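Heads up: the structure comes next, in structure tokens.
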Amino acid sequence: MPFAFRDVISILDYSREDLELLFKTTDKIRELLEKKSSLNYLDGKIAALLFLEPSTRTMYSFQTAVYRLGGKALVFTSEQATSLAKGENYADTIRMFDSYSDVIIIRSKYEGTARFAAEIAEKPVINGGDGRHEHPTQAMIDLYTIRYFFGRIDGLTIGILGDLKYARTIASLLYGLTLYNPRKIYLISPGVLRLREEVRKKILERNLPITEVSRLDEVIEELDVLYVTRIQKERYPDPIEYEKVKNLYKITPETLTKVKENFKILHPLPKIDEIDPRIDNTKYAGYFQQAKLGVPLRMALLLLVLGLWR
Ligand code: CP
């Protein structure tokens with residue numbers, strides 16, 4: 001029972017076998033959803049969604065997951081809507097939601113928020129993204145999506161392009177990939193956007209076969225998957241620093257003239273202008289399917305975390 005009543009804070013807390021259990025459960029949920037759009041496993045259960053930073057996919061796919069499982073959700077998307085606005089401290093706010101709900105899903109711009117909440121709450125806490133640190137459930141979706149398109153993760157060549165410095169999805173994905181045996185991981189970024197040292201150290205300790213390059217055209221023909229992120233504007237302390245990097249890369253149809261037959265582009269979304277919209281309707285665009293798979297995967301995760309799946 002690797003998930004039952006445990007907090008989901010970092011993907012590094014899981015083994016490959018744990019993730020395979022999650023992925024098989026997700027396969028089963030997808031099968032069930034084909035027959036029936038709503039299941040009743042969460043009848044009588046309440047999830048608290050505390051999103052102190054904007055979100056479309058994470059918040060609404062968790063909310064959809066709760067509803068499709070027959071549960072109910074308490075959702076707050078702004079401090080102004082709670083007594084945090086009156087000066088109540090964060091710890092007491094967590095205590096309240098812990099007493100009202102069965103599971104807490106939290107997003108914050110501050111690193112460590114989810115772990116702090118987990119130390120206070122008795123109910124399981126799921127990290128929906130904490131600053132630039134981690135976004136474990138997104139990495140679970142990313143790995144599941146690769147498995148969905150290719151039937152495996154082992155042996156693939158994966159390029160990761162974009163804001164390697166601040167994208168928490170990239171940190172979590174790289175940590176998740178350390179549980180598998182990809183052939184090669186290319187980290188593609190201009191020098192100013194390179195991976196932070198603490199992330200590089202962790203993946204090298206786990207022997208992830210990374211090669212750092214600055215240009216996509218050097219490696220694109222080798223790739224099975226290209227994972228792209230936007231520049232994480234909100235993490236740049238200095239707007240001038242952001243202005244310098246905001247247009248450093250863009251994928252266009254011309255970029256893709258020599259890619260492999262089954263090549264796929266993934267992106268955690270939102271995308272801004274780093275992928276030309278003409279790519280959206282090509283066979284290479286895997287990102288909308290990736291976002292769609294977020295619902296069954298988060299349904300599976302909720303069931304496992306709440307000990308409701310046997
Ligand atoms: N992938 C992701 O975290 O998207 P949102 O910010 O819309 O939740």
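Nothing fancy with the numbering, it's 1 onward along the sequence. Reckoned from all heavy atoms, side chains included, excluding hydrogens, waters and symmetry mates. We count ligands from 1, going down the list as the structure has it; atoms in each ligand are counted the same way. Fair warning: this is a prediction, and the values are worked out from it, not measured in the lab.
Checked against R168 for a salt bridge (charged side-chain N to carboxylate O under 4.0 Å, His left out), the options E53, E111, E134 give a single hit: E53.
Here's the thing with P268: one of its N/O atoms is less than 3.5 angstrom from an N/O atom of ligand 1.
Once rounded to the nearest 0.5 Å, the distance linking OG1 of T93 with CD of E88 reads 4.0 Å.
Atoms of ligand 1 lying under 4.0 Å from any heavy atom of L269, numbered from 1 in the order shown and given with element: 1 (N), 2 (C), 4 (O). Atoms of ligand 1 lying under 4.0 Å from any heavy atom of T56, numbered from 1 in the order shown and given with element: 5 (P), 7 (O), 8 (O).
Proximity of T169 to ligand 1, defined as any heavy-atom pair under 4.0 Å, is not found for any part of the residue.
A donor-acceptor contact under 3.5 angstrom links the side chains of S61 and R298, judged on distance only.
You'll find the side chain of I279 reaches within 4.5 Å of the side chain of I265, heavy atoms only.
At least one heavy atom of R107 sits less than 4.0 Å from an atom of ligand 1.
Between Y236 and Y166, the ring planes lie perpendicular to each other; the angle is over 60°, past the 30° to 60° tilted range.
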